[in-house]
Visitor: 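One structure, as structure tokens, below. Some questions next.
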Amino acid sequence: MHDRTSRLRIYASTCRSTINAVIIIAALCIFAIAGCQQEGTSVLGEKQPLSKDERMKWWRDARFGMFIHWGLYAVPAGEWKGKRIDSIGEWIMERADIPVSEYEPLTKKFNPVKFNADEWVGIAKNAGVKYIVITSKHHDGFCLWDSKVTDYDIIDATPFKRDILKELSKACKKQGIKLCFYHSIMDWHHPDAQRPFYPNYNDAKQSNPNFARYVDNYLKPQLKELITNYGPLGVLWFDGEWIKDWTEPMGKDMFNYVLALQPNIIVNNRVGKGRKGMEGLSKDDQEYAGDFGTPEQQIPATGLPGVDWESCMTMNDTWGYKSYDQNWKSTEDLLHKLADIASKGGNFLLNVGPNAEGLIPGPSVERLKAIGEWMKVNNESIYGTTASPLGEVPWGRCTAKPGKLYLHVFDWPTNSKLEVTGLKNKVKKAYLLADKKRAKLSVRREDEEKVVVSVPSEAPDPINTVVVLEIEGK
Ligand code: FHN
């Protein structure tokens with residue numbers, strides 16, 4: 001930088017007017033700063049944390065991600081020694097009281113020859129998904145990447161011997177999807193973590209005297225591998241934080257550790273103790289580590305005003321694959337959830353649980369395809385939107401952008417009159433988002449807070465038709 005500036009001074013001294021020199025120097029500095037800071041590095045090349053808003057922008061705009069729970073548990077697929085487990089598939093080691101000595105041999109059977117990273121990422125992209133969160137390591141401790149700190153990983157322990165995360169990283173880069181990792185703090189396989197608690201792997205009261213050694217010599221080095229060799233990552237999605245040995249101070253330390261490795265990464269609130277069970281966000285006023293709240297299998301009734309949050313959900317009743325769980329949510333239900341969550345200012349992280357062959361189950365693929373067809377027409381009403389400024393609306397949901405309201409109409413008015421209450425702004429124009437010609441719909445103001453939009457007799461989309469109101473002011 002200094003050489004360039006001194007050359008500039010020589011050049012400037014030949015310029016007739018000092019104003020030209022000032023303009024050139026200023027322009028050069030602006031380019032230098034812009035060029036460096038985009039990756040969270042200072043103009044001097046040091047890594048410096050970006051502001052939270054800078055880090056969160058792509059994530060807030062994305063609104064829709066895909067969760068992938070995949071690992072050894074896909075092999076038993078919810079059944080152990082002929083007995084079906086009564087819970088989520090990825091918990092089979094704990095639910096069926098399987099000792100590590102009997103669970104580890106599953107590695108010999110994990111050979112997902114039909115796995116195709118481009119295909120998985122394509123399914124996600126066509127669904128309108130903007131980021132993928134995959135389990136690098138779930139509670140069972142098995143690693144989906146080539147880790148240098150253990151052989152309990154896909155390269156060293158299985159016949160498959162391909163680095164799943166490396167292949168997904170390449171496919172995501174190629175298709176413009178952000179790659180993110182779910183990583184479990186709780187580890188049922190590592191002797192310095194919960195392994196000694198067998199068969200009570202999830203005993204939140206027990207403590208391992210060597211847990212600090214697990215964090216320093218295993219958990220942190222593995223996270224460094226994941227952030228350094230597969231990145232830049234979008235999100236580090238921690239989980240399994242509820243154990244006794246993990247504390248909020250450790251969460252804060254981990255948050256800083258991860259940000260130091262990649263300044264613009266985003267981290268969920270399960271890095272610390274800020275998750276209040278499945279609600280996803282503690283309501284006490286303590287400052288918890290992490291960037292967003294994580295309600296699970298639920299949508300906060302009024303969102304979580306003023307904070308970033310993401311609802312994660314299964315399409316059936318399990319995260320990890322179970323051969324017999326056919327209790328699939330309908331496409332209509334999933335599309336309504338997508339709009340509901342966005343209308344409350346949240347992100348939707350929708351899960352798939354691939355099987356042991358490396359295939360995403362058919363019913364999941366069908367639903368994602370149908371969601372993608374709706375998103376191709378209506379994604380403007382989801383991406384980059386903010387929570388509804390209207391109160392509850394009887395016919396559906398509402399999302400917003402500056403100067404625009406997107407009315408997600410689930411229940412089409414039988415009289416072709418769509419009533420919008422709580423709206424004082426002047427409506428400049430109304431039209432169907434799906435109508436490329438944006439033919440005007442007539443709007444009549446009934447009173448200070450209510451307008452009535454005349455809509456077609458039939459709902460163009462039986463699940464969710466979006467009517468756009470262009471309005472004046474905020
Ligand atoms: O125990 C895990 C569970 O297996 C799954 O990964 C969910 C997904 O968010 N998280 C934990 C339960 O809260």
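Counting convention: from 1, in listed order, for ligands and their atoms alike. This chain uses plain numbering: 1 for the first residue, then up along the sequence. Everything quoted here is computed from the prediction, not taken from an experiment.
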Visitor: In terms of atom number and element, which parts of ligand 1 are under 4.0 angstrom from non-hydrogen atoms of Trp91?
Guide: 1 (O), 2 (C), 3 (C), 4 (O)
Visitor: Regarding Tyr103 and Asp140, is there a side-chain donor-to-acceptor distance under 3.5 Å anywhere?
Guide: yes
Visitor: Indicate yes or no: does an N/O atom of His138 lie under 3.5 Å from an N/O atom of ligand 1?
Guide: yes
Visitor: Quick check: Phe67 with Trp237 (ring centres under 6.0 Å apart)?
Guide: yes
Visitor: Would you mind listing which atoms of ligand 1 come within a distance below 4.0 Å of any non-hydrogen atom of Tyr182?
Guide: 6 (O)
Visitor: How far is atom 1 (O) of ligand 1 from its nearest protein heavy atom, and which residue and atom is that?
Guide: His139 NE2, 2.7 Å
Visitor: On the 0 to 90° scale, with breaks at 30° and 60°, tag the Phe115-Trp120 ring pair as parallel, tilted or perpendicular.
Guide: perpendicular
Visitor: Answer yes or no: is there an ion pair linking Arg270 with Glu296, defined by an N-O contact shorter than 4.0 Å?
Guide: yes
Visitor: Is ligand 1 under 4.0 Å from a heavy atom in the side chain of Gln297, in the backbone, in both, or in neither?
Guide: neither
Visitor: Which atoms from ligand 1 have a heavy atom of Arg275 less than 4.0 Å away?
Guide: 13 (O)
Visitor: Out of all atoms in ligand 1, which are within 4.0 Å of some heavy atom of Cys312? Include the element for each.
Guide: 9 (O)
Visitor: Any atom of ligand 1 sitting under 4.0 Å from a heavy atom of Met186?
Guide: no
Visitor: For Trp237, is at least one N or O under 3.5 Å away from an N or O on ligand 1?
Guide: no
Visitor: If the threshold is 4.0 Å, N to carboxylate O, is there a salt bridge linking Asp253 and Lys220?
Guide: yes
Visitor: Got the closest protein heavy atom to atom 13 (O) of ligand 1, with its distance?
Guide: Glu296 OE1, 2.7 Å
Visitor: Give yes or no for whether the N/O distance cutoff of 3.5 Å, strictly under, is met between His69 and ligand 1.
Guide: yes
Visitor: May I ask you to identify, for Trp242, whether its side chain, its backbone, both or neither come under 4.0 Å of ligand 1 on a heavy-atom basis?
Guide: side chain
Visitor: Aromatic rings Phe348 and Phe64: how do their planes relate, parallel, tilted or perpendicular, breaks at 30° and 60°?
Guide: parallel
Visitor: When you check the gap from the basic side-chain N to the acidic O, do Glu248 and Lys273 get nearer than 4.0 Å?
Guide: no
Visitor: How far is atom 3 (C) of ligand 1 from its nearest protein heavy atom, and which residue and atom is that?
Guide: Glu90 OE2, 3.4 Å
Visitor: What part of Arg270, side chain from CB on, backbone N/CA/C/O, both or neither, has a heavy atom under 4.0 Å from ligand 1?
Guide: side chain
Visitor: I'd like to know if the side chain of Asn269 reaches the main chain of Gly280, judged simply by a donor and an acceptor atom lying under 3.5 Å from each other, with no hydrogens or angles considered.
Guide: yes
Visitor: Can you confirm whether the side chains of Arg63 and Asn347 place a donor and an acceptor under 3.5 Å from each other?
Guide: yes
Visitor: Roughly how far apart are Leu304 CG and Trp309 CH2, rounded to 0.5 Å?
Guide: 6.0 Å
Visitor: Quick one: nearest non-hydrogen protein atom to atom 10 (N) of ligand 1, plus distance?
Guide: Asp239 OD2, 2.6 Å
